Structures are given as structure tokens and as C-alpha cells.
Asker: 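Following this message is one structure expressed as C-alpha cells.
Everything numeric in this text was worked out from a predicted model, so none of it was measured.
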Amino acid sequence: MKKLIILSWLVMLCLGLSAEPVMSKATLCGHITDEIDGSPLIGVSIMIPELGAATTTDTAGYYCLTDLPKKVVTVEVTYIGHQTIIYKVDLNSRQEADFRMKEATALLNEVVVRGFSGKSLLRDSPVPMAYVGAEQLHATTASNIIDALSQQPGLAQITTGGGISKPVIRGLGFNRLTVVSDGIRQEGNQWGDEHGIEVDANSVHDAQIIKGPASLMYGSDALAGVIVLGGFTAMPRNTTAGDLTAEYQSNNGMAAYSAHFGGNMGGWLWDGRWSQKLAHDYHNAADHYVVGSRLREQAAQALVGRGGSWGYSHLLLSYYHLTPSMPEGERSDHSDSYGKTLPFQQIHHYKAVATQSLLLGNATLTAIVGYQQNRRQEYEESRDEPGLDMQLHTINYDVRYSLRNTGAWQASAGANGMWQRNLNRGEERLIPAYQLFDLGVFATTGYKSGPWTLSGGLRMDHRHIHAFAWDDMFQRSSRSFSSLSGSLGLVYSPDTRNNLRLNLARGFRSPNLSELSSNGVHEGTQQYVVGNGSLKAEHSWQIDLGWDFTTDMLTTQLQLFANIIDNYIYSSRMAGEEREGLPVYQYRQGDARLLGGEALIDFHPIGPLHFQNTFSYVNSVQLHQPRESKYLPFTPAPRWNSELKYVFIRDGRSLNNTFVAASMECNLRQNHFYALNNTETATPSYTLFNLSAGTEIKWRHRRHITLLVTAENLFNRAYQSHLSRLKYVGGMNAANNRNGIFNMGRNITAKMTFYL
């Protein structure tokens, strides 16, 4: 199977690189101007997503795309601070298109997202989604990509120190959600509390967050939702460009930089990036310096490809190396060393992804094959010899045939899945060596008529896991799981101001090897974890209701959900049991119910001023249980985020997008926690205040420098997030009479990007 997939990958790449257009070519040219005064807009991005073709406007606001097929294509026009334009053009009869762009006074702009029935406008998706664009990501400072997204409504993160964050969507995390990067699902032993997402944040262009069961498109492990990280974007033909980003954070002395350079010569594409990050231990008002919270990170990425009227073909290679230390509760009055301190982890992640997209009449055939190798090592007693050493090999595959939206209908069908082999190369074992294979086939469709949009689909999955025996610690076992998943949704837009959504989805997740067969110490979380070989697959039914309302001065959004999960798997502390001096945790199962939602209000009385407020809430309970075991573990506290932002200069001659903003994050007290055997404890409320300011410096109509300064936790509040694993590490702190380690204190960040 492995050899067959690798051979198919190479054949697919060769076909793409040698493909020649079999149809007559077309061009699309025009001018883009400001709607108010008619002045030309410089640097506007014009893209045809299905071709991977892109260009930008010159000093006269003129653009021209060449080597296009004579067919109906979707043109996406984007410009910072302006409303996105989505427009269909029939290149058989039209090769000129002018656009007038309006400044963005509403938050819910039109963006193209990948829905269950293919690419569509965000407003036409019945599935609750959030989109984080390049401008918003660049204006966010964080130590990793999940931290950068964690303030989105409905999204939270489980943290273990400064460098490890695991996403949580509406109270569900771990293997209940999937992270997709470079077109394939990110696989890196992410089942552990202390295992993060091995993705370079600098390589992420934008992010799409699906909130709810997405098993229809992504199979098992997408029961809670999906985070799709957008990466490479094609440059205009016959151009080269690059940038250099430098960043410094005061709290942990983090120094980071990233260098990027790419080009497009006659349809031949290439792109490269190198990033590095160093940080010493962070500090706060309660613990002073948290020993073992330092990290090192290196990442590299290279892409080659070709694009034309026939489609595009890309080959991407990447490498990611993270060395986070693991806090064990020690505190210090001083720590400015960037060196390794025991215990620490060493993670190497290698990835190769080949993507081929071909236009076939009114359809698109897309095939993706990827290989990932994740090497996770833990050094406890020695800096040279790891105790734990796991090597995970993964081959991902995805083939889908999509009918392009030439009318009211659009549809797609395909198959995707993966093959995995995990090996234990160290003396210590947490899980047995195993082999996994899964396959899912799906079909989706969508129909749009006037104010109504209907979409849905069905999927069949099968997963087989085989665990290998090792001494008396692990037994040989094989398990198979199969399930039918689906989704059906409706969107009603009676006018340009209102948008109503309803969606019903069936989700599925098979237990992972950690849940089935764990038997060992998790150094990063100070637990001895025991698996449960009799676990069943999780199944869920979720219903979502949504309402969007947008005017020139006000944007509101309300999303409500109810989720019922059969056979919910969770980890519980066993009363009075210890192994190797640590408390014992074992996986159990029960039926769960989750209720909640997100609300957003963005008031913008004048164009430059925005006052945005969001509120996220989830109530997660285990059915038919007493109070101490009623609430599910890792349920985020209710959260209110507020931001007041003023843009002084939107499109000036020397400065651009110059803004100042003040924000607040208020996390309410979390009294709903899994109390059985002190597995979890209540968490007090806390409020953090932040300031930020930024601008772009222009010269000769081009952006040359971007500056950003932020101050987070401005008043140096000592607090503990309810989802911080360090809340249960370190014992009693005599200084404040509270258990565990606190989160990072005041942090001032300066970030600068130079554009070549």
C-alpha cells in the first residue's frame, strides 16, 4: 500500500509538470478604483482560486491575468480595509472587468471558504465558521499559531508552558478536531496533553475555523470541527518578492525572525521560507520565573510548481523543529538562559506534499498525496539519550472530483484517508507500536435559488488499528471502526442585511491508541496514564442555528448549538492510586451533552472606529452522573472579549492602515469542572487588558515596512487559565497560597516586517 501511494504521488507530479493546455487561452484585464472618489487603487489582489492564478494592480489601478481557460471562472478581489468582491466571469465572451471597491465598514465581509459542497461564500455556508485573514493574523502576536487564533469566538486552547498549545472548539479538543495544513491533516502524535501542533506560524497566510462536526469531509477526528491553515499563495506572473520579519517579546525574551522569498516566472512557481525562535523562561507576579518554560523553534519550507490554463501542480517540502522544556513546578527569581534544561522534548517534523488540480470541462479534479514523519523525543535524565523516542510515519491521500458552480447546483465526490506506522525507539513506552489505515468515501451537493441555499452530503468511513505486543507492558490487539456520517444545512437570506442558518450534522470519532493502550508516564503533565481496550467509537448529533445582521453602522452575529455525544471518552484520576510516584489516570466513557454558542456585536458609527464585543459559552455535562463527575474535563470558562479600535489613516501617501486599539479579555469563574478524585478544580475569574498600535510605511506607492507594538496583560495580572495544564503542576505556592503555576505576566511585543 505504501509503495503504491508513493508511486501514484510521483506519477501525479510528473503529469502536472508536463501538462500542456488543451484549450484556447484567454486574458482578463481591467481597472480597480475607489467607489467614493474614483481614484485608482494600488496593490489590490486579484485571484482566480481554482487556477491558483493571481496578480496585483499597478500605480494606475490596472491589472491583467493571462493564460486563462475560456470558461466561467470566479474572480476574488481583495484589498486591506475594503470589502472583498466575488465575481463570476465567462471568459468565452468577456475579457475585461472593472471593479469599484467600497471601504469595509462591516465585519462580515464576503470571503471564499471551502465548504462541504465545494468553495463558496462564507455567507452561503450553513456550517458555523470563522475566518481569520492575513491582515488580522499579522496584527496578532503569539508564541505559536494556536495562540494566535485562540481569541476567536468558540475557540480556546489547552496549554503546557509557553510553546505548547492544543486547540479546543466549543469545549472539545485533543483528537476530536483536525488541523489541516498544506492541504493535508497535520499528524504528529497529537493525542497527548503536552503535544502541540507542529506548524510554523509565519507560514500561515489565513485560517478557517469550522465549528461543529466535519466528519463529512475529514473523517474520524473531526467530530468537534476543523482548523484549516492556508499557506502558499501564488504571486503574479514574472515577479519576485520577499519579506523579512523580526519580533521580540519582553516577558520571555523571545527573539524570532522569518525570511521569505518567492516568485513566478512564466507560470513556474517557487517559494521558500526560513524561521527561527528562541525564548527563555517566562515570568509572572506569582511565580516569578517558571523554570522549564523556555523553547527553541526552527522551520524551513520550499515549494516548486507550475500553473496555467489547465490548473496547477505544486510540490512542497517542509521541516519543523521544536525544543520545549517541560515545567515540573520549580520557580526561580532569575532566568535569562536560552539553553536547554531537563526535562525537555525534541520534536522533528518532516513533510512532503504534492498537489495536482486539473480543469476538466466544467469540473475540477484535485489529488493530494502527502508524507509526514514526526519524531518525538523526551530527555529526562540525560541531554544526550532520550528516554521516550517515538517515530510516526503518515501517508495522507485525498482525491476529489468537483463540479464547478456554473448555475444553481454544485457537487463533489471523492475519497481520502491515511496510513500510519508508529515505532518506539526509546527504552520508555507510552503507547505500543502500531499500524493504522483508514479510508472514507463521500459525496456532497449544494443548491442555491434566490434567497435559499441548501447543502449537505454523506460519508462512509472505515478505520483499522493494529497494536504490536512488547514484553508484558502491551498486548497485541486489533480493532476496526466503521461509521456513516452526514450533514444537511439551509441558509436563508431574505435581504442584504439578514442571514439565517440551520444545520444538522452527524459526527464520528474512533478511539486512538493512547486511549486504547496507554501504559506509562507523561512527563509533561506529571501523570501515569492507563488505556482502556474496550472503548467504543464516539458518535454525535449536533444542530446549529445562526443569525447574521449587518448594516452600515452595526454588525451582529449569533450562533447557538446543541451537541449530543454517545460514548464520550475522557481521562479520570483513579482514587488513591500511584505508579512511579505519580497519580494514575485512566480513560473512561459516558454519554455527553454540550450546549452553548457565540455572540458578536461590532458597532462602527464612523468608518475608522470599531467597537467589537464577542461572548463565548459552552455547558458540557455527562449524562446520568452525580455532581462530582457531572461536568466534562477541559471545558473552557465563559469568555467576553472587547476591542475598541480606531484607524487614523486607511490609505495614505506615506502611511497606511495606521491604527491604535485597546482590548479586554474577561474569563468568568469556571465552577463547572470534573471534580471526581480531584481530577480538576474550580478556576477564579480574571480580566486582562491589552493595547496595540501599528502602521505601514509606503514609498513610491509600495508598502516597504510594517510596524506593530502590543502590550498584553497590561496590569501584570497573576492568573490561571482553566485549560492550563500547569495549573496542576508545582504544588502549593506559599507566596499566594494557591496550587499550580500561573500563566505569563505582562508582555510587550515589537514586530517589524521589511518587504523586498
Side-chain angles (χ1 to χ4, degrees), residues 74 86 88 106-131 153-154 169-170 208-218 222-226 228 400 402-414 442-460 484-508 539-551 555-565 593-600:
T74 301
I86 309 296
K88 288 189 179 296
L107 182 70
L108 303 178
N109 293 326
E110 293 182 319
V111 294
V112 175
V113 296
R114 182 176 175 178
F116 291 161
S117 57
K119 288 188 175 181
S120 64
L121 295 176
L122 180 61
R123 68 181 183 185
D124 292 334
S125 172
V127 180
M129 294 187 186
Y131 178 80
I169 295 178
R170 291 177 164 178
Q208 174 184 328
I209 303 165
I210 301 174
K211 296 182 284 188
S215 302
L216 174 60
M217 293 298 292
Y218 300 97
L223 183 142
V226 178
V228 182
R400 65 187 66 209
S402 304
L403 289 172
R404 302 214 315 279
N405 189 0
T406 57
W409 286 97
Q410 61 179 356
S412 66
F442 61 88
T444 66
T445 187
Y447 177 76
K448 183 175 177 62
S449 177
W452 299 93
T453 302
L454 178 69
S455 63
L458 291 173
R459 178 188 178 100
M460 185 65 194
L484 183 68
S485 305
S487 179
L488 180 64
L490 182 68
V491 177
Y492 176 59
S493 304
D495 51 52
T496 57
R497 293 186 173 187
N498 288 279
N499 214 39
L500 301 172
R501 297 182 175 88
L502 173 64
N503 193 74
L504 178 66
R506 169 76 163 170
F508 152 73
H539 291 89
S540 73
W541 282 102
Q542 179 166 314
I543 186 168
D544 285 276
L545 295 171
W547 173 55
D548 304 336
F549 178 74
T550 303
T551 69
T555 298
T556 63
Q557 185 179 78
L558 179 65
Q559 296 177 344
L560 302 175
F561 74 92
N563 191 4
I564 301 295
I565 304 177
R593 185 217 68 204
L594 295 89
L595 301 173
E598 302 86 43
L600 177 149

Asker: Test Tyr492 against Leu502 for side-chain contact (heavy atoms from CB on, under 4.5 Å), laying out the working first.
Answerer: CA-CA 9 Å; Tyr492 176 59; Leu502 173 64; over 6 Å; no
Asker: If you take all heavy atoms of Arg170 and Lys211, which pair is closest and at what distance?
Answerer: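 Answer, listing the atom of Arg170 first, then Lys211: NH1-O, 3.5 Å.
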Asker: Please round to the nearest 0.5 Å and tell me the distance separating atom CZ of Arg459 and atom OG1 of Thr444.
Answerer: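 Between Arg459 CZ and Thr444 OG1, I get 11.0 Å after rounding to 0.5 Å.
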Asker: Drop me the distance from Ile564's CD1 to Leu595's CG, to the nearest 0.5 angstrom.
Answerer: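 Rounded to the nearest 0.5 Å, the CD1-CG separation comes to 7.0 Å.
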Asker: What closest approach, in Å, do Asn563 and Trp541 show between heavy atoms, and which atom pair accounts for it?
Answerer: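 Result for this residue pair: OD1-O, 3.2 Å.
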Asker: Under a 4.5 Å cut-off applied to non-hydrogen side-chain atoms, are Thr556 and Trp547 in contact?
Answerer: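 Yes - at least one pair of side-chain heavy atoms lies under 4.5 Å apart.
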Asker: Can you check whether Arg506's main-chain N or O pairs, donor with acceptor, with Ser540's side chain at less than 3.5 Å?
Answerer: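 No, because the side chain of Ser540 does not come within donor-acceptor range (under 3.5 Å) of the backbone of Arg506.
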Asker: Are Leu600 and Gln559 close enough, and set up right, to give a side-chain contact (heavy atoms from CB on, under 4.5 Å), and what steps lead you there?
Answerer: CA-CA 9 Å; Leu600 177 149; Gln559 296 177 344; over 6 Å; no
Asker: Backbone N or O of Val491 within a donor-acceptor pair of the Thr453 side chain at under 3.5 Å?
Answerer: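 Flag not set: sc Thr453 to bb Val491 has no pair under 3.5 Å.
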Asker: Measure the shortest side-chain to side-chain distance between Leu454 and Leu488 over non-hydrogen atoms and say whether it is less than 4.5 angstrom.
Answerer: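 Contact flag for Leu454/Leu488 side chains = yes.
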Asker: Do the non-hydrogen side-chain atoms of Met217 and Arg400 ever get within less than 4.5 Å of each other?
Answerer: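 They are in side-chain contact.
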Asker: Over all heavy atoms of both residues, which pair between Ile169 and Val226 is shortest? Give the atoms and the distance, please.
Answerer: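 Here Ile169 and Val226 meet closest at CD1-N, 4.0 Å.
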Asker: What is the minimum heavy-atom distance between Phe508 and Ser215, and which atoms define it?
Answerer: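 Looking at all heavy atoms of both residues, the closest pair is N-OG, 3.1 Å.
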Asker: Heavy-atom distance under 4.5 Å between the side chains of Leu558 and Phe549, does that happen here?
Answerer: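 Not in contact.
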Asker: What is the distance from atom CD1 of Ile209 to atom OH of Tyr131, rounded to the nearest 0.5 Å?
Answerer: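 So the CD1 of Ile209 and the OH of Tyr131 are separated by 11.5 Å.
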Asker: How long is the straight-line distance from OG of Ser455 back to CD of Gln410, given to the nearest 0.5 Å?
Answerer: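 Result: 8.5 Å between the selected atoms.
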Asker: How about Asn503 and Gln542: do any of their side-chain heavy atoms sit closer than 4.5 Å?
Answerer: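 Answer no - side chains too far apart.
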Asker: Under a 4.5 Å cut-off applied to non-hydrogen side-chain atoms, are Thr550 and Arg497 in contact?
Answerer: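 Side chain of Thr550 against side chain of Arg497, heavy atoms only: no contact under 4.5 Å found.
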Asker: Distance check, rounded to the nearest 0.5 Å: Met460 atom CE versus Leu484 atom CG?
Answerer: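 Interatomic distance, Met460 CE to Leu484 CG, rounded to 0.5 Å: 6.5 Å.
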Asker: Let me confirm one number: the OG1-CH2 distance from Thr445 to Trp409, rounded to the nearest 0.5 Å.
Answerer: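 CH2 of Trp409 is found 5.0 Å from OG1 of Thr445.
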Asker: What's the shortest heavy-atom distance between Asp544 and Pro128, and which atoms?
Answerer: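 Here Asp544 and Pro128 meet closest at OD1-CG, 3.4 Å.
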Asker: Which heavy atom of Leu216 sits nearest a heavy atom of Ser487, and at what distance?
Answerer: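 Leu216 and Ser487 have their closest heavy atoms at CD2-CB, 3.9 Å.
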